[in-house]
There are 2 protein chains.
Amino acid sequence: MATRLSDVAARAGVSVKTVSNVINDYPHITAHTRAKVEAAIAALDYKPNVSARSLRKGRSDFIALAIPEMASPYFAELGAAISRAAKRRGITVLIDQTEGEAAAEKLVLDGMRGQLIDGIIFSPITTAPAKIGTAGTAKPLVLLGERPAGGTFDHVAVDSVQASYDATTHLISIGRRRIAAIGVGGGAGTGAVRRKGYRKALKAAGLPHDPALELAGTGYHRDDGAASMRELLALPGRPDAVFCFNDLLALGALRTLADVGLSVPGDVAVVGFDDIEDGRYHSPSLTTISPDKEWLARNAVDLLLERISGNGEAARRDLTVPYTLEIRETTAG
Amino acid sequence: MATRLSDVAARAGVSVKTVSNVINDYPHITAHTRAKVEAAIAALDYKPNVSARSLRKGRSDFIALAIPEMASPYFAELGAAISRAAKRRGITVLIDQTEGEAAAEKLVLDGMRGQLIDGIIFSPITTAPAKIGTAGTAKPLVLLGERPAGGTFDHVAVDSVQASYDATTHLISIGRRRIAAIGVGGGAGTGAVRRKGYRKALKAAGLPHDPALELAGTGYHRDDGAASMRELLALPGRPDAVFCFNDLLALGALRTLADVGLSVPGDVAVVGFDDIEDGRYHSPSLTTISPDKEWLARNAVDLLLERISGNGEAARRDLTVPYTLEIRETTAG
DNA sequence: CTGAAAGCGCTTACAG
DNA sequence: CTGAAAGCGCTTACAG
């Protein structure tokens, strides 16, 4: 049997209420009493039972982070940042891999895991943003990623249209004219939103829009990027630049370019999105949109915790993550 | 108020015991009763309260995975595999980032998180293997990584000596004679064990052992690999091959080689360890030791679950993860 | 098979 | 400030 609160109380010669007060940092405890209790806790190596506490309080100090896959570098880095941010606030993060399956995402939205978790940070991929707005979740939820139209949840994301506009404009500014886009068919609205910024930049520069240069692909991984790049190279008029909707696609595209012996950025310039570590170390290093992941993590956690601690009635909030365009070798020699 | 077991019982017209029996798949329930209960559960959208259940049963079906950092690709891939393996067995994995801090690792060993988790899979980095053997952990623990001498815990790992021997022998077999090693000072015994296999291979081939070619470095990240490679290139006699003790080091070393314009494998051949996805897509693609991560995940989880379900008395087990040497472009043109 | 009841270890009104 | 007691929602002997 593990040691219980009552054991601590007995040893310290106080009531269980007093021990509980000390543990939960309530006021009105004399320094003397506190010291006695703390000595007893140390002597008995007492650890509060998390299940009992959360059963009684109706709060566990656990939150879930639902992401498509934790082995994907962007999500691994994001998960690490969110775990750290939560830990600083005394919260533990449960990571849930939905593996891009609609069923798993539905489970998340249905408020799974019984009553254990206090809230969810959700990065959807198959579930259309519009649907999320109507899903019945009992628990507070913060959405990551593309903005759902008329959604009802708090939301944190990069302004993907503007960022994609900036990325494309950068390619134009270094003299590129046939600029392809890879990842146009991406999940949960990402592809559509980034394409919007891409097209907008072409239009602003007076460049023609060639549908053949928009590669839908099926996923957002290296192999999708490699395959899309091969398609582009098979085209009659080769592109002189590619904007990939995430870094993994860009890394795949770079691999294809290396395989066929084309130079980067000489023959083809490449821009990514996410700023994962692989891109920084790649040779040539990858120009990319760099969202501030620490900012994102901190604010997503804070938003959720505010919602959990009561003000469920507050107006929905929409936070925009700061980003920079990191110009590296794939666009700058 | 969420719906409770008793609500379900009332609606189904049975006792709470019966509902509990249905939920927990106990025998002796007629199909008719089961159907009634399941209908009530569905109608009320009932979800068992995890805290109450684990308080009562003394078991939560949660396990912890303690790793140095989840943003590191090897650990991200391992974490993903372990989460999947556990999920198939109805277990949820809590990922704990120790960030290579001794204090955080100590917390893990002290059996943190109150009584919530049923056991721990632990991949130490700062804690010396020997120390783990004597730590007082109340909960079942499975160790990943280098084998602790005389440890008392179940253990799953690649035979690093043999794998390093194979990696080095492969470099010798393609005609290399000045073979450097990067990562010799790595945490928790990894560096020492892999160096052992490296030296053994040199000796077996009758090659001299040059201490200047053994780079200790400080960490196992890309920047450590890049810096170590720069040190090697500053040496009077340049190495013609490098065995990096993980893929991240190798990727960093490759970046340095690209920066100075040396060809791989022409001038310098490179081998890594871990087989992370970045290495497969890198140009040139990285030859590496590829441990079977799915095997590792499955067996680590099974070992822990066996321990949790009772046979705590069984003899300590030591499992060796299968691996292959994946020969790619950094050693094969 | 079912019902009534105890108890897992906390927190929290309630009365002092 | 403290003590005695109820109750969070389950599971599980116990008696039928």
Side-chain angles (χ1 to χ4, degrees), chain A residues 1-38 40-41 44-62 90 111-118 138-139 309, chain B residues 1-38 40-41 44-62 90 111 113-118 138 309:
Chain A
M1 217 47 5
T3 95
R4 297 178 318 256
L5 199 57
S6 56
D7 300 328
V8 176
R11 182 177 234 269
V14 300
S15 71
V16 292
K17 175 77 167 81
T18 305
V19 178
S20 180
N21 285 345
V22 169
I23 290 172
N24 293 292
D25 260 338
Y26 289 150
H28 309 309
I29 300 188
T30 61
H32 176 68
T33 305
R34 178 180 297 276
K36 260 197 315 191
V37 171
E38 280 168 351
I41 289 174
L44 297 172
D45 192 28
Y46 169 71
K47 311 234 172 29
N49 181 307
V50 177
S51 298
R53 169 180 292 177
S54 81
L55 172 59
R56 183 57 237 245
K57 293 184 72 164
R59 198 178 148 169
S60 64
D61 289 336
F62 277 70
M112 48 151 312
R113 286 201 198 297
Q115 283 79 354
L116 184 76
I117 57 163
D118 298 332
K139 299 184 192 293
S309 332
Chain B
M1 219 40 17
T3 95
R4 295 179 318 259
L5 197 59
S6 55
D7 301 328
V8 175
R11 185 177 232 269
V14 300
S15 72
V16 293
K17 175 77 167 84
T18 304
V19 178
S20 180
N21 284 344
V22 169
I23 290 171
N24 293 291
D25 260 339
Y26 289 149
H28 309 308
I29 301 186
T30 60
H32 176 67
T33 306
R34 177 179 297 276
K36 261 197 315 192
V37 171
E38 279 168 353
I41 288 175
L44 296 173
D45 193 26
Y46 168 71
K47 311 234 172 30
N49 181 307
V50 177
S51 299
R53 170 180 293 178
S54 79
L55 173 59
R56 183 56 236 244
K57 294 185 72 164
R59 197 179 147 167
S60 64
D61 289 337
F62 277 71
R113 286 202 200 298
Q115 283 79 352
L116 184 75
I117 56 162
D118 297 332
S309 332

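Each chain gets a letter, A, B and so on, in the order the sequences are listed, and its residues count up from 1.
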Trainee: For the pair A/Ile117 and A/Lys139, evaluate side chain to side chain contact (heavy atoms under 4.5 Å, CB included) and give the outcome as yes or no after the intermediate values.
Mentor: CA-CA 8 Å; A/Ile117 57 163; A/Lys139 299 184 192 293; 3.9 Å; yes
Trainee: Would you kindly give the CZ-to-C1' distance between A/Arg4 and C/dC10, to the nearest whole Å?
Mentor: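 For the pair A/Arg4 CZ and C/dC10 C1', the rounded distance is 11 Å.
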Trainee: What distance do A/Arg56 atom CZ and A/Asn49 atom CG have between them, rounded to the nearest 0.5 Å?
Mentor: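 Result: 14.5 Å between the selected atoms.
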Trainee: Taking only the C1' atom of each, what is the distance from C/dG16 to C/dT12 in whole angstrom?
Mentor: 16 Å
Trainee: With pairs defined as Watson-Crick or G-U wobble and both distances under 3.5 angstrom, please note down DNA chain D as a dot-bracket string, | for pairing with another strand.
Mentor: |||.||||||||.|||
Trainee: Give each protein N/O atom lying under 3.5 Å from an N/O atom of nucleotides 12-16 of chain D, with the pair distance.
Mentor:
from, atom 1, to, atom 2, distance (Å)
D/dT12, OP2, B/Tyr26, OH, 3.2

Trainee: Is the phosphate of D/dG3 approached by A/Ser15 (side-chain N or O, under 4.0 Å from OP1 or OP2)?
Mentor: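 It does, given that an N or O in the side chain of A/Ser15 lies less than 4.0 Å from OP1 or OP2 of D/dG3.
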Trainee: Whole Å only: how far is the CZ atom of A/Arg34 from the C1' atom of D/dT2?
Mentor: 16 Å
Trainee: Round to the nearest Å and state the distance from B/Leu5 atom CG to C/dG3 atom P.
Mentor: 13 Å
Trainee: Ignoring the backbone of A/Thr18, work out which of C/dT2, D/dT2, D/dC10 is nearest its side chain.
Mentor: D/dT2
Trainee: Do you know which two heavy atoms are closest between A/Val16 and A/Leu5, and how far apart they sit?
Mentor: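 Of all heavy-atom pairs spanning A/Val16 and A/Leu5, the closest is O-CD2, 4.2 Å.
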Trainee: What is the separation between atom CG on B/Asn49 and atom P on D/dC8, rounded to the nearest whole Å?
Mentor: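 Distance check: B/Asn49 CG to D/dC8 P gives 11 Å.
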Trainee: Please find the pair of heavy atoms, one from B/Ile23 and one from B/Arg53, that lie closest to each other, and give the distance.
Mentor: CG2-NH2, 3.3 Å
Trainee: Looking only at side chains, do A/Ser60 and A/Ser54 share a donor and an acceptor under 3.5 Å apart?
Mentor: no
Trainee: Got a donor-acceptor contact below 3.5 angstrom from the A/Asp118 side chain to the A/Asp61 backbone?
Mentor: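 Yes: the side chain of A/Asp118 pairs with the backbone of A/Asp61.
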Trainee: So do B/Asp7 and B/Arg11 actually touch side chain to side chain, heavy atoms under 4.5 Å?
Mentor: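 Heavy-atom side-chain distance check fails, nothing below 4.5 Å.
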Trainee: How long is the line joining NZ of A/Lys47 and P of C/dC8, in whole Å?
Mentor: 20 Å
Trainee: Between C1' on D/dG9 and CG on B/Leu55, what's the gap in Å once rounded to a whole number?
Mentor: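 Atom CG in B/Leu55 sits about 9 Å away from atom C1' in D/dG9.
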Trainee: Rounded to the Å, how far apart are B/Ile41 CD1 and D/dC10 P?
Mentor: 11 Å
Trainee: Taking all atoms of both residues into account, what is the closest heavy-atom pair of B/Val37 and B/Val8, and its distance?
Mentor: O-CG1, 4.3 Å
Trainee: For residues B/Arg34 and B/Val22, report the shortest heavy-atom separation together with the two atoms involved.
Mentor: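 Minimum heavy-atom separation between B/Arg34 and B/Val22: NH1-O, 4.0 Å.
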